[in-house]
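These numbers come from a predicted model, not from an experiment.
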Amino acid sequence: MEASAQRDQAGGEPLVSIVIATHNRPAALRQALTSVMRQTLQDWEALVIGDDCRPDTAAVAAEFDDTRIVYIDLPVNFGEQSGPNNIGFARARGRFVALLNHDDLWFPDHLAAMTGWIDASGADVVLARGAVIQPAAGNPVNSIFGIGKDGFYDPVTTEGFGSAHMFRRASFSLLGPWRPASQCFCESSQDWLFRAWRKGAVIATMPHLTVIKLHSGIRKGSYLGDNAQEQKDLLDAMQTPDALRVKILGCAGEPIRVAASSYLRRRLMAALGIHPRARAFRRKYKRGAFLAKLRRLRGLAPMPEREPGVSELLDRYSKRGDAGTEPDEG
């Protein structure tokens, strides 16, 4: 069924709102949007939220010449994904909301499978199976995420990165927005899932591999060159999706089993409101250190100052395009 006909039946609103946070990786964004355009379910809107991007990001969104793709660029750099994601959640119109990181990809049946699974399970949130693709150097072993327990989220063992999330918009008042990374003691996506579980949200896991994650945090300088050849090659391979799944899973390791005593201890921590990964995360990283490390690896400048002084603001505005232009007298 054509997207317009599907939308007419839904009362003018799309079935799915897709939120894509992005910052100055136009080549990667092009491939992510291509994977959206190739979805078998076409009743969607894509909200591309730029985090104070260069003009070439807007140009990529415009390339597709599709009114379902809406580009919003924040005038001030937030510096990490939680802010742009929350902007997208606030503007979403669909019955369901799905996240896609700008350097990740979806298999063509992702939206169709996810909307079916969330309705079949009656869940507030559903997590797809995903594969973290390791860089090609050496003998890489991919890892699989989105694995639950008896079909549902387990706070001890389940990892669910953003591109695997879909939730009911009607449940958003329960689920709430993402917290800023500076307030989290694990990845923001994991923090959001854990807090949703603590609030009583039903989080189902879908046993179908539909997400490919190309983590920029393990690709040094990924924001400097914006080389999206990996994404392009994987999209080409999706012409035969099950053959690609077989190839990915053939290079994947089995999940690490947690000993019963360790599982019970972590489950007790979760019941007390402490994310099971928080202690290890706190030991390894001070507040803000994890994000600082990722930005260095990616080739990004340090996080923008949240409370800049006069000199910082002066430096910021002096670098703008019209800084040498005299203002009109009026």
Decide yes or no for [X] and [Y]: does some side-chain heavy atom of the first lie under 4.5 Å from some side-chain heavy atom of the second?
X: His110; Y: Arg38; value: no
X: Glu80; Y: Phe78; value: yes
X: Ser262; Y: Arg265; value: yes
X: Asp73; Y: Thr57; value: no
X: Leu100; Y: Ser35; value: yes
X: Met37; Y: Ile69; value: yes

For the backbone of [Y] and the side chain of [X], can you confirm whether one donor and one acceptor N or O come within less than 3.5 Å of each other?
X: Glu13; Y: Arg95; answer: no
X: Asp104; Y: Ala32; answer: no
X: Ser17; Y: Gly94; answer: yes
X: Glu312; Y: Gly309; answer: yes
X: Thr158; Y: Ile147; answer: yes
X: Trp178; Y: Ser189; answer: no
X: Gln190; Y: Gly160; answer: yes
X: Asn77; Y: Asp51; answer: yes
X: Gln31; Y: Leu235; answer: no
X: Arg129; Y: His208; answer: no

Same hydrophobic cluster for [X] and [Y], using side-chain heavy-atom links shorter than 4.5 Å among ILVMFWY?
X: Phe167; Y: Val19; answer: yes
X: Trp106; Y: Leu33; answer: yes
X: Val48; Y: Val60; answer: yes
X: Leu105; Y: Ile248; answer: yes
X: Leu193; Y: Trp197; answer: yes

Query raised in the report: Are Lys247 and Asp233 close enough, and set up right, to give a salt bridge (charged side-chain N to carboxylate O under 4.0 Å, His left out), and what steps lead you there?
Result: CA-CA 13 Å; Lys247 182 178 179 180; Asp233 290 344; over 6 Å; no

Query raised in the report: Could you give all pairs that pass the salt bridge (charged side-chain N to carboxylate O under 4.0 Å, His left out) test and reach residues 192-204, with sequence neighbours left out?
Result: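 Counting only pairs at least two positions apart or across chains, the salt bridge (charged side-chain N to carboxylate O under 4.0 Å, His left out) contacts touching residues 192-204 are Asp191-Arg195.
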
Query - Residues, nucleotides or ligands: over 12 heavy atoms within 6.0 Å of Asp65 CG - result: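 No, CG of Asp65 has 12 or fewer neighbouring heavy atoms, counting only those of other groups under 6.0 Å.
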
Query raised in the report: For atom CD of Gln229, is the number of surrounding heavy atoms from other residues, nucleotides or ligands below 6.0 Å larger than 12?
Result: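 It does: Gln229 CD has more than 12 such atoms within range.
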
Query raised in the report: How many angstroms lie between atom CG of Asp154 and atom CD1 of Ile203, to the nearest 0.5 angstrom?
Result: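 Asp154 CG to Ile203 CD1: 11.0 Å, rounded to 0.5 Å.
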
Query raised in the report: Can you tell me how far CZ of Arg267 sits from CG of Leu272, rounded to the nearest 0.5 angstrom?
Result: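 So the gap between those two atoms works out to 12.0 Å.
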
Which atom names give the shortest non-hydrogen contact between [X] and [Y], and what distance separates them?
X: Phe107; Y: Val211; value: CD1-N, 4.0 Å
X: Met206; Y: Ala128; value: CE-CB, 3.9 Å
X: Cys53; Y: His23; value: SG-CA, 3.6 Å
X: Ser173; Y: Ala170; value: OG-O, 4.3 Å
X: Leu74; Y: Pro84; value: CD1-CG, 4.2 Å
X: Thr115; Y: Phe96; value: CG2-CD1, 3.7 Å

Query - ring pair (Phe, Tyr, Trp, His ring centres under 6.0 Å) partners of residues 211-234, not counting sequence neighbours, each pair once - result: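 Only His102-Tyr223 qualify under ring pair (Phe, Tyr, Trp, His ring centres under 6.0 Å).
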
Query raised in the report: When you check the side-chain N and O atoms of Gln231 and Arg30, is any donor under 3.5 Å from an acceptor?
Result: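 Not at all, the side chains of Gln231 and Arg30 share no donor-acceptor pair under 3.5 Å.
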
Salt-bridge contact [X]-[Y] (side-chain N to carboxylate O under 4.0 Å):
X: Arg277; Y: Glu159; answer: yes
X: Arg168; Y: Asp124; answer: no
X: Asp226; Y: Arg54; answer: no

Query - Any residue meeting ring-ring contact (aromatic ring centres under 6.0 Å, His included) with Phe161, in chain and number order, not counting sequence neighbours - result: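 For Phe161, the residues satisfying ring-ring contact (aromatic ring centres under 6.0 Å, His included) (neighbours in sequence not counted) are Phe145.
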
Query raised in the report: Taking the six-membered ring for Trp, are Trp192 and His165 ring centroids under 6.0 Å apart?
Result: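 Close enough - the centres of the two rings lie under 6.0 Å apart.
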
**Report entry** Stepwise ring pair (Phe, Tyr, Trp, His ring centres under 6.0 Å) test for Phe185 and Phe194
**Finding:** CA-CA 11 Å; Phe185 288 104; Phe194 180 70; over 10 Å; no

